[in-house]
There are 2 protein chains.
Amino acid sequence: MIVRQAANVLEIMEFFAQTRKPATLAEIADHFGWPRSSTFNLLATLSEKGYLYEPRPRAGFYPTPRWLAMARMISEVEPLPPWTHTLIADLSAETGETASIVAPAGVSAVFIDVVESQAAIRYFATIGHRVPIHATASGRALLLQYSPEERDSVYRKIEFKQYGPSTPISIEAVEAELRNSISRGYCQSFADYSRDLAGAAIPLPIGDRRLSVVVAGPEFRIGPKVAEVAALIARTVDRLRPKTAA
Amino acid sequence: MIVRQAANVLEIMEFFAQTRKPATLAEIADHFGWPRSSTFNLLATLSEKGYLYEPRPRAGFYPTPRWLAMARMISEVEPLPPWTHTLIADLSAETGETASIVAPAGVSAVFIDVVESQAAIRYFATIGHRVPIHATASGRALLLQYSPEERDSVYRKIEFKQYGPSTPISIEAVEAELRNSISRGYCQSFADYSRDLAGAAIPLPIGDRRLSVVVAGPEFRIGPKVAEVAALIARTVDRLRPKTAA
DNA sequence: GGAAAATGTACATATATGTGAATTTATCTG
DNA sequence: CAGATAAATTCACATATATGTACATTTTCC
């Protein structure tokens, strides 16, 4: 069950992150199609808690810097080592595609750092983006780091859907693809989840965290050179990852 | 009316900002005294939206860097000019007390930047902290920048409460204090709102934004030297504020 | 300067939602 | 490796909650 008002908080914040300017109650209510009275309650709650204020009279609400302060607190812990950002920055620069660091979240894989391609046609992904763990290169690079039992427990929660022609729609199909990935030396995906989207990924264990790196873009650009891209990823990781310990 | 689940989202994030480590469903539920099933729904919603993930298997949830990305977006707009932070940093260093930049939010004043005192006994305030606009030095320094009509409209929404012995409990009392502040050259408050708390504040208009600076601390330390502190604030603003235009 | 339009606020009520109990899944212990 | 214990999910139902309606206030426009 989805908690509506919790989701609404996030939506409001995303709204402000997009528009980047104060908005009145009426504007917000209209934008989302919410009743004024409900919007009123939500804004009042957020204000009450110190997360919204009124920068100038009658110009509406805007988030306080408290969000930033809180987010900084949260993200200071176990930040990714700096070289991982260099990694995806380099990969994106060299391939011209979008590169990301990905972490597990139940049956999904979450993008926790992203450097976007500069190309006009590109894979558009942002931090926080979620994709099915079994139907993407990045997700499978995570699954490779699981024990068979752990994978089983994930599989049982997956709702297998035919996202595209090549989506694996059974446990056995996923396991088969994982075996292929091992012998191939990297994970790949061709429109398994998103139409026209292809990617290459490899596991990226850091400490006891199970992460993966992925380079993804339109099938017609990535397709012909997956192997090449995968090799580049591996080389770049080798170059940047500190040699001391794992 | 307060929107419970909206508030809960904020509480969860504050919880993570404090503990700074992943937490399981059970831990979170116990911490807040929430039913597990409700906690489950909330966590599922936040995960679904890409704001929580599971850094390592079975170790529970933690916020994704998406919070940081969003907060950065939001705060990049009209950030406070850098000299305002220098201002409160200097004030806090010189007085040994907590110094803040404050903005209006309806009948409240919100702390939008804070440098805390290092003293053992100190005014504990964080970004996002809210205080009644009429019963605090910082708030009254905001009201001074309003037109009489605007003040009226604020007054009508205020619930006058006797927070302390000297709290102004009528419109006339507030207006009188504002007149005093003008002739005095600064705003002050002695336990008008919080017991033992005293402060000195002056208006700090920046562009068309109505802000104020306040230095606050325990009454016994601030009390004897309010005038001195107020003069210091004024001098420091003079020194740091760029001379070009207002 | 006055009327109309837009915005913000309060409240009772129907209903969407949170929750207790039951069920399943994972983890620990001897 | 059972059996026990704890954690995570599911689900039906009572109730806390979102909203329609009405009212107040502010702003706009003529």
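Labels below follow one simple rule: chain letters A, B, ... track the order of the sequence lines, proteins then strands, and each chain is numbered from 1.
Counting only heavy atoms from C-beta outward, the side chains of B/E54 and A/R210 never approach each other to under 4.5 Å.
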Just the table, please: protein N/O against nucleotides 13-15 of chain D N/O, every pair under 3.5 Å.
none

Which atom pairs link the protein and nucleotides 3-10 of chain C when you take only N or O atoms and keep those under 3.5 Å?
residue	atom	partner	partner atom	Å
C/dG8	OP2	A/L25	N	3.4
C/dG8	OP2	A/A26	N	2.9

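One interatomic measurement links the two molecules: CH2 of A/W34 to C1' of C/dA16, which rounds to 16 Å at whole-angstrom precision. The CG atom of B/L43 sits 13 Å away from the P atom of C/dG18 (whole-angstrom rounding). Residue A/N41 contributes atom CG, which lies 9 Å from atom C1' of D/dT17 at whole-angstrom precision. One atom, CZ of A/R151, and another, P of C/dA26, lie 15 Å apart when rounded to the nearest Å. Here C/dA16 presents its P atom at 19 Å from CZ of B/R4, a figure rounded to the nearest Å. The CZ atom of B/R156 sits 20 Å away from the P atom of D/dC23 (whole-angstrom rounding). Rounded to an integer number of Å, the gap from CD of A/E150 to P of C/dT25 is 17 Å.
Rounding to the nearest 0.5 angstrom, the gap separating the CG atom in B/L43 from the OG atom in B/S38 is 10.5 Å.
Here A/E172 pairs with A/R179 under the salt bridge (charged side-chain N to carboxylate O under 4.0 Å, His left out) rule; sequence neighbours left out. Applying the salt bridge (charged side-chain N to carboxylate O under 4.0 Å, His left out) test to B/R20 and every residue at least two apart in sequence or in another chain returns A/E76. In terms of the ring pair (Phe, Tyr, Trp, His ring centres under 6.0 Å) criterion, residue partners of B/F15 (sequence neighbours excluded) are, by chain and number, B/H31, B/F32. For the ring pair (Phe, Tyr, Trp, His ring centres under 6.0 Å) test, residues two or more places apart in sequence or in another chain that qualify with B/Y163 are B/Y193. Residues passing the ring pair (Phe, Tyr, Trp, His ring centres under 6.0 Å) test with A/F16 are A/Y62, sequence neighbours excluded. Under the salt bridge (charged side-chain N to carboxylate O under 4.0 Å, His left out) criterion, A/R36 pairs with A/D30, sequence neighbours left out. Applying the salt bridge (charged side-chain N to carboxylate O under 4.0 Å, His left out) test to A/E27 and every residue at least two apart in sequence or in another chain returns nothing.
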Distance-only check: which donor-acceptor pairs under 3.5 Å involve side-chain atoms of residues 2-12 of chain B, not counting sequence neighbours?
residue	atom	partner	partner atom	Å
B/Q5	OE1	B/N8	ND2	2.9
B/E11	OE2	A/K49	NZ	2.5

Report all side-chain donor-acceptor pairs from residues 124-138 of chain A shorter than 3.5 Å, counting only partners two or more places apart or in another chain.
residue	atom	partner	partner atom	Å
A/R130	NE	B/S47	O	2.5
A/R130	NH1	A/S108	OG	3.3
A/R130	NH2	B/S47	O	3.4
A/T136	OG1	A/P132	O	2.9
A/T136	OG1	A/G139	N	3.2

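Counting only heavy atoms from C-beta on, A/Q5 has its side chain closest to D/dA18 among D/dT26, D/dA18, D/dT19.
Comparing B/T39 and A/D152 along DNA chain C, the residue whose closest nucleotide (by nearest heavy atom) sits nearer the 5' end is B/T39.
Residues from residues 7-22 of chain A placing a heavy atom under 4.0 Å of any atom in DNA chain D do not occur.
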